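In this text the structure is predicted, and so the values were computed from the model without any measurement. When a ligand or atom number is given, it counts from 1 through the structure's own listing order. Quick note: residue numbers are just sequence positions, from 1.
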Amino acid sequence: MTTETPVRRLYVKTYGCQMNVYDSERMADVLRPLGYAITDTPDEADLVVLNTCHIREKATEKVYSELGQLKRMKQARADAGGAMTIAVAGCVAQAEGEEILRRQPAVDLVVGPQAYHQLPELIARSHRSRGERLAADFAAEAKFDALPAERASTGVTAFLTVQEGCDKFCTFCVVPYTRGAEWSRPAAAVEAEARVLAAQGVREVTLLGQNVNAYSAPDAEGLGLAGLVRRLAKIEGLDRIRYTTSHPADMDDALIAAHGEVEALMPYLHLPVQAGSDKVLKAMNRAHTAESYVRLIERIRAARPDIAISGDFIVGFPGERDSDFEATLSLVRDVGYASAFSFKYSRRPGTPAAAMMGQVAPAVADARLQALQTLLVEQQKAFNAAQVGRVLPVLFEKPGRHPGQLIGRSPYLQSVHLEAPAALMGQIAPVRIASAGQNSLAGELALESA
Ligand code: 5AD
Ligand code: SF4
C-alpha cells in the first residue's frame, strides 16, 4: 500500500555549465519520490536549491547576494506559518563548504557535487532539526521497517519497546524516513512496565527498538542500554532479558561488559553487518568496516565466549561485484553465525541507493542469496549440533504438538522440544540436549543434574 504524499515544491536555480544542468535534473530525480515537484517561483518553494558555479570571478558573491534575497523569502514564509529549506549545491558549495553556513545562517544545507545521492538524508536531517518529519512516499514493507509486533502479554515472554527511530541513514533503508529520529522511552516508564509484566508472570522480556543499543534514557543522564538492562535485571521474577535490533556503532564497552556480568542478559546478540566488502559497506553508509565488525565480535566473545551471534545481510546492493560478495562469504566464515536473516537488495525509491549506478541483475542477486543462505544454514545447523550432550536451562513457553510435550527456549533463542509435565510451563528447568535440527533442539529433563 502506498501512502498519499503531499506535494512539496522544489525550486532549482542552475548556474554555469551543462554539467550543472544535468546535476540539477538528477537532484530533482532523487527528490521526486520524496514528494517534491518542480516550481518556477522561489517564493512559493518548500525547498530551494542553488546549484552554483564558480568558474567566473565574483560568482561566489553573486550566490551570497541571491541567498540574501532568499533569506527574506524564508522569513516571510516563516511569518506566514510555513517553512522553506535552502540548499546550496555545486562548485561553490564544494569550494566554500561550511563557510556558507557561517556567512548566511539562513542556509540549511550545503551539498557538494559528489554527494547528491545524500540529499534525501541531508533534507531529512534538516527537517528533523525543525522537529518535522519528511513525508515520503514509501510503500510500507513490514519486512524491513517494522519491529516485532508488541503483544499485551499474558504469556511467559513479552516484547517491550524502549526505543524507536533511526539516525543511521543506511542508504538502502526507509526507516530513518518512515520512523523518524532516534527516540528513547524514559527508563522509569520502561521499568514500571517491566514490573507489571513480571507480576503477570512474564519471565523473559525482549527490549525492542530499531536501534535499541542507541538507547539513551531521557530521564537519567548517561543511562544507556547497559544501565537499563542492569536495572531490569534486578526485578524479581524477570529472569531473562534480550534486546533487538542493534547497530555495530552503538555497541559500547558498557554493553559488552554487561554481556559478561549480567546473568539475566541472554547470550544472544542480533548484530546486523549487511555485507563483508568495505566498498559496499561505505556505499551503504554503514559506518563500520568488515574488519572493525569482526574485531567487535571478538571483544563481545571475550566478554561472553558462548554468545550466539545473529545477523542481517543484503546481497545485490548496487555496485556489488563477485569479489565483494566473496568478501561477505568470507566474513560469515570468520564470524560463525548461530542464525541470520538474508535479503536480496530491494530498491526503495527515495533512498539514496535507489539512485546509485550499478544495480545488480536479479538473477545474479538470486544466485548470491542462495549461496549465502546455504552457508548460513550450514552454520546454524553446526551451532545447534554443538549443543547436543549439553544441559541447558530452558524456559518453557507453550505446549508442544503432541500431548505431554512442551516447547521452550534455550538461552541462545533456540526452540527446544521435549516431554515434560505441563506444570513446568513458565518455569526454567535444565534439559539435556539429545538431538538438533536446523530450527530446533530436542532433549529430556535433566532435573537430577540441576
Ligand atoms: N533491501 C533489502 N534489505 C533491506 N533491509 C532493509 N532495507 C532493505 C532493502 N531496501 C534489511 C536489512 C535490515 C533488515 C531489517 O532489513 O538487512 O537489517
Ligand atoms: Fe535502517 Fe537499521 Fe540502517 Fe537504521 S541502522 S538505517 S534501521 S538498516
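Taking the six-membered ring where the residue is Trp, Tyr293 and Tyr337 present parallel rings, their angle staying beneath 30° rather than reaching 60°. Ring geometry for Phe341 versus His270: interplanar angle over 60°, hence perpendicular rather than tilted (30 to 60°).
A donor-acceptor distance shorter than 3.5 angstrom exists from the side chain of Gln163 to the backbone of Asn211, with no hydrogens or angles considered. One N or O on the side chain of Gln210 and one on the backbone of Gly165 form a donor-acceptor pair closer than 3.5 Å. When atom types are taken as modelled, the side chain of Arg77 and the backbone of Glu44 share a donor-acceptor pair closer than 3.5 angstrom. The closest donor-acceptor contact from the side chain of Gln94 to the backbone of Gly112 lies at 3.5 Å or more, if one exists at all. In this structure, the side chain of Asp46 does not engage the main chain of Thr85 through any donor-acceptor pair within 3.5 Å. Distance alone, capped at 3.5 Å, places no donor-acceptor pair between the Thr171 side chain and the Ala353 backbone.
Taking only nitrogen or oxygen atoms, main chain and side chain alike, Tyr345 does not reach within less than 3.5 Å of ligand 1.
Interface of Ser346 with ligand 1, defined as ligand atoms under 4.0 Å from a residue heavy atom, comprises 1 (N), 2 (C), 9 (C), 10 (N). Using a 4.0 Å cut-off to heavy atoms of Pro176, the atoms of ligand 2 that qualify are 6 (S). Atoms of ligand 2 lying under 4.0 Å from at least one heavy atom of His247, given by number and element, are 5 (S). Against a heavy-atom cut-off of under 4.0 Å, Gln274 is close to the following atoms of ligand 1: 12 (C), 13 (C), 17 (O), 18 (O). Numbered from 1 in the order shown, with element, the atoms of ligand 1 that lie under 4.0 Å from a heavy atom of Arg348 read 10 (N). Interface atoms of ligand 2 facing Phe172, defined by a heavy-atom separation under 4.0 Å, are 8 (S). Within the listing of ligand 2, atoms 7 (S) sit less than 4.0 angstrom from a heavy atom of Val175.
Residue-level proximity to ligand 2 for Phe169 is carried by the backbone, the only part with a heavy atom below 4.0 angstrom. Residue contacts with ligand 2 for Asn211 involve side-chain atoms from C-beta outward but no N, CA, C or O (heavy atoms, distance under 4.0 Å). The proximity of Phe343 to ligand 1, defined as any non-hydrogen pair under 4.0 Å, is limited to the side chain. Under 4.0 angstrom from ligand 2, there are no non-hydrogen atoms of Pro272.
Note on Cys170: counted as a metal contact of atom 3 (Fe) of ligand 2, an N/O/S atom lying under 2.8 Å. For atom 4 (Fe) of ligand 2, the N/O/S atoms of Cys166 include one lying under 2.8 Å.
Heavy-atom separations between Lys344 and ligand 1 include at least one value shorter than 4.0 Å.
Ion pair Arg26/Asp23 flagged as a salt bridge, since at least one NZ, NE, NH1 or NH2 atom sits closer than 4.0 Å to an Asp/Glu carboxylate oxygen.
Counted by atom type alone, Tyr412 and Asp306 present one or more donor-acceptor pairs between their side chains at under 3.5 Å.
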